[in-house]
Asks: 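Pasting a structure below so you can have a look.
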Amino acid sequence: MDVVVFGAGSLGSLLGGLLAREHAVTLVGREEHVRAVREDGLRITGEIDDVVRPQASTTVPDATDLAIVTVKAYDTPAAVEALSGCDCDGVLSLQNGMGNEERLAALDTDILAGTATYGAIQAEPGGVRCTGRGEVVLGPPDDGQSALADRIGDAFREAGIETTVAADMPRRLWEKLAVNAGINATTALARVPNGALADPPLAEVARRAARETARVARERGVDLSEDDAIAALESVVEATADNESSMYRDVQAGRRTEVDAINGYVADSDVDTPVNDMLAALLGGWERERNLRD
């Protein structure tokens with residue numbers, strides 16, 4: 001399969017690198033990273049140790065079988081613009097937050113939703129560190145099955161990526177949102193690794209954010225119980241205890257966060273969500289103070 005990864009940062013580089021072991025992959029990213037990959041290949045370290053040689057570019061090619069989008073949620077409109085001239089069979093979003101698939105639907109192709117629990121950090125140009133093996137789950141953004149999803153699932157598994165093709169992506173996306181709503185903003189504001197959310201007082205903040213997310217999901221017609229949301233949250237906290245969330249790393253680096261597409265998305269509902277309201281407001285205020293957003 002011919003694959004383009006748009007947004008070759010941490011996760012995009014890791015998954016693109018793994019796919020490159022069996023498929024023709026082009027990483028689309030920043031100039032410095034692209035140049036390093038062209039010159040010396042992509043070095044994968046950590047729990048996976050390999051050097052692969054995908055193609056690398058700062059622009060999207062004219063055609064591909066699959067485009068994987070891994071940019072930040074607020075950069076999805078840029079992804080739509082960049083991919084609009086690319087003839088591809090389908091686009092798979094492996095992004096954080098909600099609303100990405102709806103924006104990508106402006107493209108004249110099939111759109112798939114996905115989640116990925118592989119841990120990745122891009123420490124330097126031309127390299128990515130795998131901080132934890134995980135799973136990719138993908139499928140149509142609405143409940144149902146898709147021949148394209150089955151084909152992509154087979155391609156991922158051929159490259160050694162643990163992959164599930166799911167027919168219930170809306171519930172899975174909301175469950176992931178509940179996990180991210182609880183972990184990301186809480187760790188970013190408290191400046192702590194994920195494992196700190198296993199104990200009071202931060203554990204209750206994260207749980208309340210996840211509970212609120214489950215309530216919003218049900219208001220939107222998705223069957224996600226509060227107990228299931230909490231169980232998913234606590235499982236990720238335990239499995240990634242030593243990790244720093246992507247939002248915490250963004251704050252450390254002085255970058256804009258994805259809070260609008262996570263806690264802000266939960267807060268933008270008719271359901272009472274005081275914890276998500278507060279988390280979104282605090283991070284939004286931090287970003288405005290640093291001129292990171294309009």
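Being a predicted model, the structure only gives us computed values, none of them experimental.
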Asks: Is it true that atom CD of Gln145 has more than 12 heavy atoms of other residues, nucleotides or ligands lying nearer than 6.0 Å?
Replies: no
Asks: Regarding Arg38 and Glu31, does a basic nitrogen lie under 4.0 Å from an acidic carboxylate oxygen?
Replies: no
Asks: I need the single residue from Val69, Leu92, Leu112, Leu173 that forms a side-chain contact (heavy atoms from CB on, under 4.5 Å) with Glu101. Which is it?
Replies: Leu173
Asks: In terms of side-chain geometry, is the basic nitrogen of Asp154 or Arg151 positioned less than 4.0 Å from the acidic oxygen of its partner?
Replies: no
Asks: Please say yes or no: joined through hydrophobic side-chain contacts below 4.5 Å, possibly via intermediate residues, are Ile44 and Ile68 part of one cluster?
Replies: yes
Asks: Drop me the distance from Ile262's CD1 to Asn184's CG, to the nearest 0.5 angstrom.
Replies: 4.5 Å
Asks: Start with the C-alpha distance between Glu212 and Arg208, add both sets of side-chain angles, then the distance that settles salt bridge (charged side-chain N to carboxylate O under 4.0 Å, His left out), and finish with yes or no.
Replies: CA-CA 6 Å; Glu212 292 176 1; Arg208 288 180 180 177; over 6 Å; no
Asks: Does one side chain, of Thr257 or Asp250, offer a donor that lies under 3.5 Å from an acceptor on the other?
Replies: no
Asks: Would you compute the distance between atom CD of Gln55 and atom CG of Asp2 and round it to the nearest 0.5 angstrom?
Replies: 9.5 Å
Asks: Does a sphere of radius 6.0 Å around CD in Gln252 hold more than 12 heavy atoms from other residues, nucleotides or ligands, not counting ones at 6.0 Å or beyond?
Replies: yes
Asks: Whether Arg215 and Glu219 form a salt bridge (side-chain N of Lys/Arg under 4.0 Å from carboxylate O of Asp/Glu) is what I want to check.
Replies: no
Asks: Check the surroundings of atom CE in Met1: do more than 12 heavy atoms from other residues, nucleotides or ligands lie under 6.0 Å from it?
Replies: yes
